[in-house]
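Heavy atoms only: backbone and side chains are in, while hydrogens, waters and symmetry mates are out. What you see is a predicted model; the values in this text were computed from it and never measured.
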Amino acid sequence: MTQNLKFDPQNLKPDRIANRIRLLRTQSQYTGSILIVEGDTDARVWKNLVHSTKCRVEIAHNKDNAVKVLNILEQGNFAGVLAVVDADFDILEGTVSVSQNLLFTDTHDLETMLLKSPALEKVLAEHGSEDKIKLFAKDIRQTLLESAKVIGYLRWASLKFDYCLKFEGLEFKKFVDEKTLALNESKLIKTLKDKSQKLGLDDREIQQKMDSLKTNTQDIWYICCGHDMIAILSIALCKALGSCNSKQVEPNVLEINLRLAYESGHFRLTKLYIAIQTWEQTNQPFQVLSNP
């Protein structure tokens with residue numbers, strides 16, 4: 001997750017961020033661990049999960065920065081630093097950076113980790129209709145995954161084959177059925193081609209490239225982007241699963257609700273939690289996690 005910032009862009013450079021972190025040790029006499037995360041919304045989740053005095057969360061402003069800042073600090077033998085970034089498609093591509101101080105989300109991104117947890121049920125209980133949820137008669141989480149994976153494969157294909165499609169500000173209502181939440185792949189491709197001014201791209205070729213990425217062994221949670229699942233959930237809560245107006249359940253509102261609903265107990269059931277525990281054992285006396 002990244003964010004747009006209004007201050008000096010120079011402060012977003014990896015060397016500036018690394019220097020700021022170094023100063024915590026030298027000037028502020030901070031002796032605890034440092035957790036580097038991608039963006040501000042990530043930091044809000046992590047601050048509820050880490051030890052309040054023994055770990056500081058530092059924002060790198062994007063994934064590439066987070067990895068570069070970590071590399072700079074590692075080259076200077078800076079102790080007690082850990083970075084956690086979104087897996088995105090890196091796990092599937094096998095392009096994971098090798099560092100004992102770099103960990104990845106269990107799923108595509110932090111938002112999908114929230115959606116995989118009971119936080120989703122809490123949001124459904126808050127905004128959904130009990131009667132409509134019963135009538136839906138399908139597993140809601142699985143339905144969101146099945147629809148979002150189509151966009152996930154298209155995102156992956158666009159990156160891998162340089163289609164340069166623009167996914168920002170995508171109007172999901174153009175290709176998601178408000179009653180069934182089924183996604184129309186042809187309408188999705190047309191919408192993105194129009195939005196990206198890439199009308200020359202061949203639909204059939206795009207679909208073939210998407211199909212070429214699919215295997216039977218892939219974990220669907222690495223394919224689906226959290227923002228896409230939340231956008232589909234937003235549509236669902238207005239019709240299929242609830243009777244909200246669109247303003248009440250805008251994606252950014254749902255993301256806030258999911259963050260608030262995510263508990264440390266949910267996090268303790270993840271692979272990432274265990275990986276951080278392992279990091280702590282290797283990097284004593286540094287501590288990241290709050291005590292259970």
Side chains of [X] and [Y]: closer than 4.5 Å at any heavy-atom pair?
X: T105; Y: V85; answer: no
X: L114; Y: L120; answer: no
X: L49; Y: Y262; answer: yes
X: F78; Y: I34; answer: yes
X: L35; Y: E58; answer: no
X: D88; Y: F104; answer: no
X: L110; Y: W46; answer: yes
X: R204; Y: Q208; answer: yes

If we count only N and O atoms by modelled type, under 3.5 Å, do the side chains of [X] and [Y] hold a donor and an acceptor together?
X: N257; Y: H127; value: yes
X: Y153; Y: Q218; value: yes
X: Q281; Y: Q277; value: no

Taking every non-hydrogen atom, the tightest pair across [X] and [Y]:
X: L213; Y: A157; result: CD1-N, 3.7 Å
X: A43; Y: V57; result: CB-CG1, 3.9 Å
X: E74; Y: N101; result: OE2-ND2, 2.9 Å
X: W221; Y: T112; result: CZ3-O, 3.4 Å
X: R141; Y: M229; result: O-CE, 4.3 Å
X: K239; Y: K132; result: O-NZ, 3.1 Å

Expected output: side-chain [X] to main-chain [Y] donor-acceptor under 3.5 Å:
X: Y222; Y: D106; result: yes
X: S147; Y: L144; result: no
X: S158; Y: L165; result: yes
X: D109; Y: D86; result: no
X: T270; Y: H266; result: no
X: Q248; Y: N245; result: yes
X: Q287; Y: L289; result: yes
X: Q29; Y: T26; result: yes
X: S33; Y: V81; result: no
X: T278; Y: I274; result: yes

Please determine whether the number of non-hydrogen atoms from other residues, nucleotides or ligands lying under 6.0 Å from atom [atom1] of [X] exceeds 12.
X: K138; atom1: NZ; value: yes
X: E263; atom1: CD; value: yes
X: K190; atom1: NZ; value: no
X: K68; atom1: NZ; value: no
X: K214; atom1: NZ; value: yes
X: K193; atom1: NZ; value: yes
X: E130; atom1: CD; value: no

Problem - All ring pair (Phe, Tyr, Trp, His ring centres under 6.0 Å) counterparts of F175, not counting sequence neighbours - result: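 Once residues adjacent in sequence are excluded, the partners of F175 under the ring pair (Phe, Tyr, Trp, His ring centres under 6.0 Å) criterion are F172.
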Problem - R155 to F89, cation-pi by 6.0 Å centre distance and 45° axis angle - result: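 Here R155 fails the 6.0 Å and 45° test against F89.
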Exercise for the section: Mind telling me whether W279 and F286 have parallel, tilted or perpendicular rings, with 30° and 60° as the class edges? Expected result: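 Tilted, since the angle between the ring planes falls between 30° and 60°.
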Exercise for the section: On the 0 to 90° scale, with breaks at 30° and 60°, tag the Y163-F161 ring pair as parallel, tilted or perpendicular. Expected result: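 Ring orientation, 0 to 90° scale: tilted.
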To the closest 0.5 Å, what do you measure between [atom1] ([X]) and [atom2] ([Y])?
X: L181; Y: I140; atom1: CG; atom2: CD1; result: 8.5 Å
X: E255; Y: L115; atom1: CD; atom2: CG; result: 9.0 Å
X: I276; Y: R268; atom1: CD1; atom2: CZ; result: 12.5 Å
X: K179; Y: I235; atom1: NZ; atom2: CD1; result: 14.5 Å
X: I189; Y: Q207; atom1: CD1; atom2: CD; result: 4.0 Å
X: D219; Y: T107; atom1: CG; atom2: OG1; result: 8.5 Å

If hydrophobic clusters are built by linking Ile, Leu, Val, Met, Phe, Trp and Tyr wherever their side-chain heavy atoms come under 4.5 Å apart, do [X] and [Y] end up in the same one?
X: V45; Y: L260; answer: no
X: L237; Y: V253; answer: no
X: V84; Y: V96; answer: yes
X: Y30; Y: L82; answer: yes
X: L159; Y: I223; answer: yes

Exercise for the section: Walk me through it: do T143 and F136 pass the test side-chain contact (heavy atoms from CB on, under 4.5 Å)? Expected result: CA-CA 10 Å; T143 301; F136 192 67; 3.7 Å; yes
Problem - CA sep, side-chain torsions, deciding dist, call: Q284, E280, side chain to side chain donor-acceptor pair (under 3.5 Å) - result: CA-CA 6 Å; Q284 292 181 11; E280 289 178 331; over 6 Å; no
Handout entry: Pair L233-L124, side-chain contact (heavy atoms from CB on, under 4.5 Å): steps then yes or no
Key = CA-CA 9 Å; L233 178 61; L124 287 169; 4.0 Å; yes
Exercise for the section: Decide side-chain contact (heavy atoms from CB on, under 4.5 Å) for S129 and L241; before the verdict, give the C-alpha distance in whole Å, the side-chain angles of both, and the deciding distance to 0.1 Å. Expected result: CA-CA 6 Å; S129 158; L241 304 176; over 6 Å; no
Practice task
Check salt bridge (charged side-chain N to carboxylate O under 4.0 Å, His left out) between E168 and all other residues, then give those that pass, not counting sequence neighbours.
Solution key: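 Counting only residues at least two positions away or on another chain, E168 forms no salt bridge (charged side-chain N to carboxylate O under 4.0 Å, His left out).
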Exercise for the section: Any chance you could lay out the side chain to side chain donor-acceptor pair (under 3.5 Å) test for R22 and N19, step after step, and finish with the verdict? Expected result: CA-CA 5 Å; R22 285 195 195 99; N19 285 338; 2.5 Å; yes
Exercise for the section: Any chance you could lay out the salt bridge (Lys or Arg N to Asp or Glu O under 4.0 Å) test for K160 and E93, step after step, and finish with the verdict? Expected result: CA-CA 10 Å; K160 192 175 181 69; E93 285 280 7; 3.2 Å; yes
Exercise for the section: Please assess E111 against I230 for the test side-chain contact (heavy atoms from CB on, under 4.5 Å), listing each intermediate value before the final yes or no. Expected result: CA-CA 8 Å; E111 289 87 356; I230 291 168; 4.2 Å; yes
Exercise for the section: Output yes when D90 and K63 qualify as a salt bridge under the 4.0 Å nitrogen-oxygen rule, no when they do not. Expected result: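 Salt bridge: yes.
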